[in-house]
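Per chain, numbering begins at 1; letters A, B, ... match sequence-line order.
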2 protein chains.
Amino acid sequence: MRLTTKGRYAVTAMLDLALHEGKGPISLADISERQGISLSYLEQLFAKLRRNELVHSVRGPGGGYQLKRERGEINVAEVIDAVNESVDATGCNKTGSCQSGEVCLTHHLWCDLSDQIHGFLSGISLADLVHRHDVQEVAERQQRVMAQPEKLIASSVASAS
Amino acid sequence: MRLTTKGRYAVTAMLDLALHEGKGPISLADISERQGISLSYLEQLFAKLRRNELVHSVRGPGGGYQLKRERGEINVAEVIDAVNESVDATGCNKTGSCQSGEVCLTHHLWCDLSDQIHGFLSGISLADLVHRHDVQEVAERQQRVMAQPEKLIASSVASAS
DNA sequence: ATAGTAGCCTAGTAAATTAGTCGGAATAAT
DNA sequence: ATTATTCCGACTAATTTACTAGGCTACTAT
């Protein structure tokens with residue numbers, strides 16, 4: 001099991017889409033700016049999200065991405081699964097062949113842990129996140145920063161040095 | 001966050017120690033054989049476990065390792081922490097500086113997930129594992145295999161090819 | 001004393017993964 | 001036609017994993 005920036009980026013980007021729903025397709029350039037994620041990297045992640053039928057793309061100018069399902073029908077676990085291949089904590093992919101064909105001493109423990117994590121994350125939808133206070137606060141801050149083009153340039157210069 | 005064989009090996013090895021408690025120090029060679037983990041790799045893991053005061057070592061012939069605390073007083077979370085540095089799911093190490101000094105859109109979600117995982121794993125002690133049916137079954141199987149030296153050689157030859 | 005058994009320590013390494021970059025299509029709106 | 005965007009493939013530096021190799025140190029049994 002691994003949860004790195006890859007999965008975190010995917011969830012963040014999907015949440016960004018959910019927050020700006022109803023404004024037509026959202027371009028990856030917008031998400032890149034707002035969330036501070038490399039555009040090319042986002043492209044790779046969205047290729048996987050699209051293959052997993054989580055988003056729908058519109059090409060050409062004014063194009064971008066939209067959620068393929070309703071916000072309430074997409075949960076965090078499947079977003080991570082889409083880019084990461086599973087939040088499984090076992091080494092044997094739950095097959096039980098961890099120690100030369102047989103289950104290892106701790107196999108069931110990792111199965112339990114996997115269930116725990118999956119249960120937790122699959123119980124949280126994008127709609128749930130949109131309604132959270134902390135998410136709304138951060139989203140508002142990001143709106144304010146986007147409205148100040150000078151600050152944007154200053155911060156990108158600072159991060160480049 | 002990452003949970004790989006590293007953390008799994010550590011927990012498995014610690015559980016092996018817990019299962020064979022009361023028989024004096026257990027050598028890493030024994031654990032290596034029983035659990036199918038490379039001896040040199042075990043040495044590296046146990047160096048960390050020792051630094052974190054989870055095990056106590058006895059050098060020289062007949063030496064090995066013993067749990068430093070009672071089985072009921074060592075939980076799975078701290079074993080993983082010892083070799084892995086934390087089961088933290090955030091990218092900022094819970095500092096909240098994920099996006100140029102400020103919290104990112106999904107910071108709190110990862111904090112919640114971290115708490116969830118830590119809560120689950122810290123609630124399971126080595127004693128709990130020792131008493132589980134599935135663990136006892138696997139432990140008995142490992143005892144039987146160890147009692148058949150020919151089979152051991154045959155399986156090691158097979159895995160080497 | 002000394003041989004042998006263990007733990008201890010450092011260094012190296014192949015393979016995989018991460019988090020990107022780069023360049024160039026294909027597509028659609030103006 | 002130009003431009004904005006998704007799409008696609010190849011490449012890469014840095015990091016991590018899961019090891020191996022080899023030598024040293026402490027201890028015990030003989």
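- Residue pairs meeting the side chain to side chain donor-acceptor pair (under 3.5 Å) criterion with at least one partner in residues 36-54 of chain B, sequence neighbours excluded, are B/Glu53-B/Lys68.
- Scanning for side-chain contact (heavy atoms from CB on, under 4.5 Å) contacts around A/Ser27 gives A/Ala29, A/Asp30, with sequence neighbours left out.
- Rounding to the nearest 0.5 Å places CG of A/Leu3 at 11.5 Å from CG of B/Leu3.
- Residues that satisfy the salt bridge (charged side-chain N to carboxylate O under 4.0 Å, His left out) test with B/Glu21, not counting sequence neighbours, are B/Arg71.
- Shown for residues 93-111 of chain A: no residue has heavy atoms falling under 4.0 angstrom of DNA chain C.
- A side-chain contact (heavy atoms from CB on, under 4.5 Å) with A/Gln66 is found for one member of A/Lys23, A/His56, A/His20 and no other, namely A/His56.
- Residue B/Phe46 is out of contact with every strand shown, counting any heavy-atom pair closer than 4.0 Å.
- Residue pairs meeting the salt bridge (Lys or Arg N to Asp or Glu O under 4.0 Å) criterion with at least one partner in residues 124-133 of chain A, sequence neighbours excluded, are A/Arg132-A/Asp134, A/Arg132-B/Asp112.
- Between the side chain of A/Gln44 and the base of D/dC8, no donor-acceptor pair under 3.5 Å is found.
- With sequence neighbours excluded, the residues forming a side-chain contact (heavy atoms from CB on, under 4.5 Å) with A/Ile37 are A/Tyr9, A/Gln35, A/Leu42, listed by chain and number.
- Taking a cutoff of 4.0 Å between a charged side-chain nitrogen and a carboxylate oxygen, A/Lys94 and A/Asp88 do not qualify as a salt bridge.
- Atom NZ in A/Lys48 sits about 15 Å away from atom C1' in D/dC7, given to the nearest Å.
- For DNA chain C, the contact window with chain B, defined by any atom under 4.0 Å from a protein heavy atom, covers C/dG4 to C/dA11 in 5' to 3' order.
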Report, one pair per line, the protein and nucleotides 15-17 of chain D atoms (nitrogen or oxygen only) whose separation is under 3.5 Å.
unit_1	atom_1	unit_2	atom_2	d
D/dT17	OP1	B/Arg2	NH1	3.4
D/dT17	OP2	B/Lys6	NZ	3.3

Quick test: give all pairs of protein nitrogen or oxygen and nucleotides 4-6 of chain D nitrogen or oxygen below 3.5 Å, distance rounded to 0.1 Å.
unit_1	atom_1	unit_2	atom_2	d
D/dT6	OP1	A/Leu28	N	2.7
D/dT6	O2	A/Arg59	NH2	3.1

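- Going from atom NE2 of B/His56 over to atom P of D/dC27 covers 11 Å, rounded to whole Å.
- For the side-chain contact (heavy atoms from CB on, under 4.5 Å) test, residues two or more places apart in sequence or in another chain that qualify with B/Ala77 are B/Asn75, B/His118, B/Leu121, B/Ser122.
- In this structure, A/Glu137 has no salt bridge (charged side-chain N to carboxylate O under 4.0 Å, His left out) partners at least two apart in sequence or on a different chain.
- B/Phe46 and B/Val58 end up in different hydrophobic clusters when Ile, Leu, Val, Met, Phe, Trp and Tyr side chains are linked at under 4.5 Å.
- To the nearest angstrom, C1' of D/dC19 lies 16 Å from CZ of B/Arg8.
- The side-chain contact (heavy atoms from CB on, under 4.5 Å) test applied to B/Arg59 returns no partner, not counting sequence neighbours.
- Surrounding CD of B/Glu70 are at most 12 heavy atoms belonging to other residues, nucleotides or ligands under 6.0 Å away.
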